[in-house]
Amino acid sequence: MNMEKELKINNVGIKAYTAINAKLWVVIPVILLAGLLVTLMYNHHADFSWNGFVEGFDQNFLVFFAIGAFAQLVDGTLGMGYGATSTSFLLAYGVPPVISSTGVHVAEMFTTGASAISHHKFGNINKKLVKNLLIPGVLGSVAGAYLLSDVINGDVIKPFIAVYMIVLAVVIIKKALAKTIVKKKTKKLGILATFGGFMDAVGGGGWGPIVTSTLLGRGRNPRYTIGSVNAAEFAISFASGITFMLFGGIHGWQVIIGLILGGVIAAPLGAYLVNRIKRKPMMVAVGVLIILLSLKTLSKIIVNIF
């Protein structure tokens with residue numbers, strides 16, 4: 001009898017711990033985002049007025065909203081491409097590079113939080129994988145953001161990361177078209193996450209293309225890989241975003257708000273679509289997307305040189 005009681009007590013304790021642990025995956029992003037929002041409103045309340053708020057909802061805002069929604073759908077379903085997609089569209093629309101870069105980094109702090117919560121709700125997260133990626137990714141992103149602010153020029157290393165992405169894309173497409181995909185154990189996740197976080201901060205994007213591509217190329221399940229990498233990306237974006245804000249300040253509120261609202265609304269749909277898209281077409285789509293984005297990056301660099 002005593003043993004049965006002990007087992008029941010242990011089971012209750014385990015269930016309570018599991019329930020609390022599950023809630024933390026939602027509570028922590030919500031608290032961080034709420035704290036960030038209050039801080040931004042307190043520090044920048046002088047930048048807003050009622051007339052400015054009303055006038056801000058114009059055609060430009062709708063464009064920024066659409067860009068944010070589309071970029072988040074790409075990132076939520078394929079596990080990559082938010083920064084590259086949104087930045088490319090903003091620059092093409094005529095938004096200055098400084099404002100587009102600031103807007104994307106600040107908006108990502110909110111959109112990745114919404115994406116992480118959505119992927120958790122739909123059961124797309126491998127918690128062990130997230131924990132292995134989290135701390136190294138944050139350290140890499142903080143280091144990259146700091147160096148970009150004071151030491152190095154991110155444009156110098158963009159050609160190298162673009163070539164790396166193309167190589168990974170070819171591997172992914174080859175894996176997708178193969179009759180059987182052999183799953184291989186991914187070693188040195190910490191190094192991969194550190195490199196991905198660093199390049200994401202320095203190059204204006206790269207967490208998804210580097211980390212997701214590598215993991216998918218090793219035969220990992222797309223659903224849990226994309227959900228887990230997206231969940232970890234919240235911490236990486238938050239860390240790099242705070243670092244950029246400390247060094248560069250915030251500019252372009254209309255861009256930021258449009259990207260945030262569009263991305264937050266699209267995040268649940270992106271997480272839902274992960275469960276509805278088949279493995280092989282998803283991997284081909286990931287590969288093609290990486291190649292297109294990388295070729296676009298390389299073409300811009302070549303044009304600027306000549």
* Does P136 have any side chain to side chain contact (heavy atoms under 4.5 Å, CB included) partners at least two apart in sequence or in another chain, and if so, which? -> A193, T194
* What pair of heavy atoms forms the shortest contact from I256 to G103, and how long is it? -> CG1-CA, 3.5 Å
* Asked: Would you call L147 and F198 a side-chain contact if the rule is heavy atoms closer than 4.5 Å?
  -> yes
* Measure the OG1-CD1 distance between T111 and I265 for me, rounded to the nearest 0.5 Å. => 12.5 Å
* To do: Indicate yes or no for a side-chain donor-acceptor contact from T243 to the backbone of Y146 under 3.5 Å, with no hydrogens or angles considered.
  => no
* Asked: Given the rule that I, L, V, M, F, W and Y join up when any side-chain heavy atoms are under 4.5 Å apart, are L269 and V74 in one cluster?
  -> yes
* By ring-ring contact (aromatic ring centres under 6.0 Å, His included) - contacts of F70 (at least two apart) -> F89
* To do: Any chance you could lay out the side-chain contact (heavy atoms from CB on, under 4.5 Å) test for L189 and L215, step after step, and finish with the verdict?
  => CA-CA 9 Å; L189 278 175; L215 295 178; 3.7 Å; yes
* Asked: Does some side-chain heavy atom of I117 sit less than 4.5 Å from a side-chain heavy atom of F234?
  -> no
* If you group Ile, Leu, Val, Met, Phe, Trp and Tyr whenever their side-chain heavy atoms sit less than 4.5 Å apart, what else falls in with I135? -> L139
* Indicate yes or no: at least one non-hydrogen side-chain atom of I242 is less than 4.5 angstrom from one of M109. => yes
* Determine the minimum heavy-atom distance between F64 and Q254, stating which atoms define it. => CE1-OE1, 3.7 Å
* To do: For the pair N126 and T225, evaluate side-chain contact (heavy atoms from CB on, under 4.5 Å) and give the outcome as yes or no after the intermediate values.
  => CA-CA 8 Å; N126 180 329; T225 298; over 6 Å; no
* Structure fact -> Rounded to the nearest 0.5 Å, the CG atom of L192 sits from the CZ atom of R218 at a distance of 10.5 Å
* Structure fact -> Residues at least two apart in sequence or cross-chain that pass side chain to side chain contact (heavy atoms under 4.5 Å, CB included) with A267, listed by chain then number, are Q72, A114, S115, S118
* Backbone N or O of G123 within a donor-acceptor pair of the R223 side chain at under 3.5 Å? -> yes
* To do: Indicate yes or no for a side-chain donor-acceptor contact from N132 to the backbone of K128 under 3.5 Å, with no hydrogens or angles considered.
  => yes
* To do: Run the numbers on I210 and F195 for side-chain contact (heavy atoms from CB on, under 4.5 Å), then give the verdict.
  => CA-CA 8 Å; I210 292 171; F195 180 66; 3.8 Å; yes
* Structure fact -> Minimal heavy-atom distance between A231 and I125, with the atoms involved, is CB-CD1, 3.7 Å
* **Minimum heavy-atom distance V130-S228, with the two atoms named** => CG2-O, 3.5 Å
* In one Ile/Leu/Val/Met/Phe/Trp/Tyr side-chain cluster, 4.5 Å: V288, L295 -> yes
* To do: Check L133 against V229 and note the closest heavy-atom contact, atom names and distance.
  => CD1-CG2, 4.2 Å
* **side chain to side chain contact (heavy atoms under 4.5 Å, CB included) involving S237 - partner list, sequence neighbours excluded** => E108, T112, E233
* For the pair I67 and L90, evaluate side-chain contact (heavy atoms from CB on, under 4.5 Å) and give the outcome as yes or no after the intermediate values. => CA-CA 8 Å; I67 291 172; L90 288 173; 3.9 Å; yes
* Sidechain-backbone polar pair: N230 side chain, I226 backbone, donor-acceptor under 3.5 Å -> yes
* To do: Evaluate the side-chain proximity of Y224 to L129: yes if any heavy-atom separation is below 4.5 Å, no if none is.
  => no
* Exercise: identify the closest heavy-atom pair between L259 and A107 -> CB-CB, 3.6 Å
* Residues in side chain to side chain contact (heavy atoms under 4.5 Å, CB included) contact with A239, at least two apart in sequence or another chain -> V138, S141, V142
* Asked: Would you say the side-chain atoms of D200 pair up with the backbone N or O of W207, donor to acceptor, closer than 3.5 Å?
  -> yes
